[in-house]
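If you're wondering where the values come from, they're calculated on a predicted model, not measured in any experiment. All heavy atoms count here, side chains included; hydrogens, waters and symmetry mates do not.
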There are 2 protein chains.
Amino acid sequence: MKRKITLKHIARELEVSISTVSKALKNSEEISRDTKEKVQAFAKLYNYKPNNVAISLKNKRTKNIGVIIPEIVHHFFTTVFRGIEQYANQKGYNVIVCVSDESFDKEVINMELLANGSVDGFIMALSAETQLKNDYNHLKEVTEQGIPLVLFDRVADEVACDKVLINDREIARQAVNKLLDQGRKRIALVTTDNYLNVSNKRARGYFDALEDRNQEIDENLIIKLPYTYLGMDKVPIQAFFEKEKVDAAFCVNEMFAVHCMRVAQDMGLKIPEDISFIGFTDGILSKYANPTLTTVAQHGEQMGEIAAKMLIERVEQENGDDEEEIFQTKVLSATLIERDSTIN
Amino acid sequence: MKRKITLKHIARELEVSISTVSKALKNSEEISRDTKEKVQAFAKLYNYKPNNVAISLKNKRTKNIGVIIPEIVHHFFTTVFRGIEQYANQKGYNVIVCVSDESFDKEVINMELLANGSVDGFIMALSAETQLKNDYNHLKEVTEQGIPLVLFDRVADEVACDKVLINDREIARQAVNKLLDQGRKRIALVTTDNYLNVSNKRARGYFDALEDRNQEIDENLIIKLPYTYLGMDKVPIQAFFEKEKVDAAFCVNEMFAVHCMRVAQDMGLKIPEDISFIGFTDGILSKYANPTLTTVAQHGEQMGEIAAKMLIERVEQENGDDEEEIFQTKVLSATLIERDSTIN
DNA sequence: AAGGCTTACGAAAACGGTTTCGTGTTAATA
DNA sequence: TATTAACACGAAACCGTTTTCGTAAGCCTT
């Protein structure tokens, strides 16, 4: 086992000082050609690589960024992560991921852990529980320490930081308008319990669209499903469809949409003739569902890339003294992807 | 902006030495009650937390583990990651993820970057290109430096390290036997170009099953699709189905299976009556496909948990001098989950 | 009163680098 | 020949901890 070699080893071996070795490896003007060549050759031979931790301590820069997301087995979040990772890597940063599991406590713990020097900044989407509690002190503490933070998708107005979003409300409105244009009369809103910020925005888009036509909002057309992917019960959905005679459904995520499509099909309804569906999140399910699902593409990868860019810019400008502190909110335009679950 | 406070600050403020502060915070016997209380109160007031980087440097332990996977927008890998992350977190470790993107070079670069002190050990699945090149020097260098490594799923015999696997070959054999039991005569093998280790094993299981019945292997029943999830062309698959009159298909992943099911349905074939399907990876697609897909569950989360456990044990035993170095390979049993794409 | 033992603390080294500044040697200049 | 500048290098501080070891002060013992 050949342990990693350090400057000290090289210095001892070559009978020069540590400083000389350090400078020689950086090709400093101060050091003679001879010495530089000798040192560099030796370093290459023994495959010297500087220790990242020591450099981090010296520079007070880790070149790590912390990403905290509610879930990892999740198409949208992994897509965003991909964007983050690619951009960050290309800029020489590594990414430490923590999963909050939709739990406030885990979010806090992970954040505090990483904030003690492990990362230069955070990119995160709030956990459901955090949004429910409306408690953002852990975020504030971090930003007050001068650690940059970028929120994406699941953001909160209460937190002063950079943000990246999509136009959830507007695209939802467009989607529902599309259904209305196609003559749908009784459009269901399939959403979660209302603490989730994004679900709320999408619901408001749904209301907007109805208001555009001066249609009354029928509370009976709204069904709330638990925000757990597995173990969704078909019975209430079927009961809902039977009772309300809906002819279209706007769902706040693709899982809900596919699930509901299946229930409708089991009831003998034809998609999109009898009932049409629109979902959110252009994931694998939407593409491979039967019929394929019309859905809103959130452009997660781009979102991640932008978040990473914003964060790294902040990290690298931090000129020490407190800046103007003008935070940006970047809104990306989502895209409606039309497939077979709506009439073309 | 209140910057992080250090031992030095506390020491200066309280007019004691840094060592005293350090010891007081650790409740050392050496320090008087009075001083301890004073220091601890002050530390709490200013929310002192030790700097992780400094501790890492001192201990030569980062409490970080590096995970390198070929892809992140991928159900199986994220599932494994979830297992890793949960176990690691619970043990006080953080996880740095790098995505090799199926590229050898990226794998090497990421590994070297992290190996310079950023992590205490690695958990990884080999990139496709690495398996194709059969070049594992980057892994050997890391292990020779005494950094523990655990490979999962995509492993290589050439690398001496701990491994976690599923019984790919055996479960594939069982799956194909199930199809044979149900009277299928012409069973297709839908696989990738052959460099992928796991595809190979699954193919061998397919061969095994046929040999069990003394059936000849018909090369015409094997179709190889490109290992890219998107943009698969339907034409060759349809041509294949038409020409070979297959009555079942064993697919090495769920994407292939769902894709092929769709092609078959478009051709007017009934599933499972005319043709039945079995896939690998019990992901979302399998559950929500129409019909639902019979598939092999790889128990990714458990796999990740075990990998993390093995790694952390290695990391924490490292008694300095080179141990016996007996590596383990843990083989998990996959499970065949029967759904509607095969006859029950 | 001298020696020994606690008690309570500080100095300093160490982890592995970077960087500033000081200095001995040589060569160029007056 | 004396002065000075350039060159090449080393000492030491620093980043924030931990930990070993040394020691001053106070008390007890005989």
Side-chain angles (χ1 to χ4, degrees), chain A residues 3-40 42-43 46-64 113 115-120 145-146 318 320, chain B residues 3-40 42-43 46-64 113 115-120 145-146 318 320:
Chain A
R3 275 251 160 262
K4 272 237 165 275
I5 195 177
T6 69
L7 289 186
K8 197 193 278 189
H9 296 133
I10 303 184
R12 233 201 306 268
E13 212 64 31
L14 264 40
E15 295 183 305
V16 292
S17 77
I18 294 181
S19 1
T20 303
V21 177
S22 176
K23 290 171 194 162
L25 290 174
K26 299 190 115 58
N27 241 316
S28 160
E29 298 279 302
E30 269 185 88
I31 307 297
S32 72
R33 269 249 309 247
D34 271 16
T35 312
K36 280 198 276 195
E37 281 170 5
K38 201 173 55 174
V39 171
Q40 288 171 6
F42 190 93
Y46 286 94
N47 192 28
Y48 169 80
K49 294 279 165 53
N51 179 308
N52 290 335
V53 176
I55 293 180
S56 293
L57 182 59
K58 184 89 242 260
N59 299 349
K60 295 167 154 250
R61 280 286 175 76
T62 61
K63 285 263 180 183
N64 286 155
L113 210 71
N116 298 321
S118 297
V119 301
D120 297 340
Q145 278 172 31
E318 290 281 288
Chain B
R3 277 251 160 262
K4 273 236 164 275
I5 196 175
T6 70
L7 289 186
K8 197 194 278 189
H9 296 133
I10 303 183
R12 231 200 308 268
E13 212 63 32
L14 264 40
E15 296 183 306
V16 291
S17 77
I18 293 180
S19 1
T20 302
V21 177
S22 176
K23 289 170 194 161
L25 291 174
K26 300 190 116 56
N27 241 316
S28 160
E29 298 279 302
E30 269 185 89
I31 307 297
S32 71
R33 268 251 308 246
D34 270 15
T35 311
K36 281 199 276 193
E37 280 171 7
K38 200 172 57 175
V39 171
Q40 289 172 6
F42 190 92
Y46 286 94
N47 193 27
Y48 169 80
K49 294 279 166 54
N51 179 308
N52 290 335
V53 176
I55 291 180
S56 294
L57 182 60
K58 187 94 245 273
N59 300 349
K60 296 165 152 250
R61 281 286 176 77
T62 60
K63 285 264 182 181
N64 286 154
L113 210 72
N116 298 321
S118 297
V119 301
D120 296 339
Q145 278 172 30
E318 291 281 286

- Under the side chain to side chain donor-acceptor pair (under 3.5 Å) rule, collect the residues that match up with A/Asn47, sequence neighbours excluded. A/Lys49
- Query: Just how far is it from atom CD of A/Gln40 to atom CZ of A/Arg33, taken to the nearest 0.5 Å?
  - Reply: 11.0 Å
- Message: Measuring from atom CD1 of A/Ile10 to atom CD1 of A/Ile18, what distance do you get when rounded to the nearest 0.5 angstrom?
- Response: 10.0 Å
- Message: Counting the atoms with a prime plus P, OP1 and OP2 as sugar-phosphate, which does B/Val53 contact under 4.0 Å by heavy atoms, base, sugar-phosphate, or nothing?
- Response: nothing
- Once you build an axis from the first five pairs and another from the last five of the helix from C/dA1-D/dT30 to C/dA30-D/dT1, how far apart in angle are they, to 10 degrees? 80°
- When you match B/Ser17 and A/Ile55 each to their closest nucleotide on DNA chain C, which lands nearer the 5' end? B/Ser17
- For A/Ser22, which contact category applies under a 4.0 Å heavy-atom criterion: base, sugar-phosphate, or nothing? base
- Check: A/Asn52 main-chain N/O paired with B/Asn116 side-chain donor or acceptor under 3.5 Å: no
- Looking at side-chain heavy atoms only, is the closest gap between A/Leu14 and A/Val39 below 4.5 Å? yes
- Query: Quick one: OG on A/Ser56 to CG on A/Asn64, what's the gap to the nearest 0.5 Å?
  - Reply: 6.5 Å
- Select base, sugar-phosphate, or nothing to describe what B/Ser19 touches, counting heavy atoms under 4.0 Å on all strands. base
- Query: For DNA chain C, which residues in residues 23-38 of chain A have a heavy atom at a distance below 4.0 Å?
  - Reply: A/Lys23, A/Lys26, A/Glu30
- Message: Reading DNA chain C in the 5' to 3' direction, which nucleotide is the first one with an atom under 4.0 Å from a heavy atom of chain A, and which is the last?
- Response: C/dC15 to C/dC21
- Atom pair OG/CD of A/Ser32 and A/Glu37 - distance to nearest 0.5 Å: 9.0 Å
- Side-chain heavy atoms of B/Leu7 within contact of B/Tyr48, under 4.5 Å: yes
- For B/Leu57 against A/Val53, the heavy-atom pair lying closest together: N-CG1, 3.6 Å
- Heavy-atom donor-acceptor pair, A/Asn59 side chain to A/Arg61 backbone, under 3.5 Å: no
- Task: Please confirm whether the backbone N or O of B/Gln145 pairs with a side-chain atom of A/Arg3, one donor and one acceptor, at under 3.5 Å?
- Result: yes
Without placing hydrogens or testing angles, list every side-chain donor-acceptor pair under 3.5 Å for residues 20-30 of chain B, not counting sequence neighbours.
unit_1	atom_1	unit_2	atom_2	d
B/Thr20	OG1	B/Ser17	OG	3.0
B/Ser28	OG	B/Glu30	N	3.0

- Note on the structure: Min and max contacting nt of DNA chain D in 5' to 3' order, chain A heavy atoms within under 4.0 angstrom, are D/dA8 to D/dG16
- Message: I'd like to know if the side chain of A/Asp120 reaches the main chain of A/Thr62, judged simply by a donor and an acceptor atom lying under 3.5 Å from each other, with no hydrogens or angles considered.
- Response: yes
- Task: Report which part of the nucleic acid A/Lys60 touches: base, sugar-phosphate, or nothing (heavy-atom distance under 4.0 Å, all strands).
- Result: sugar-phosphate
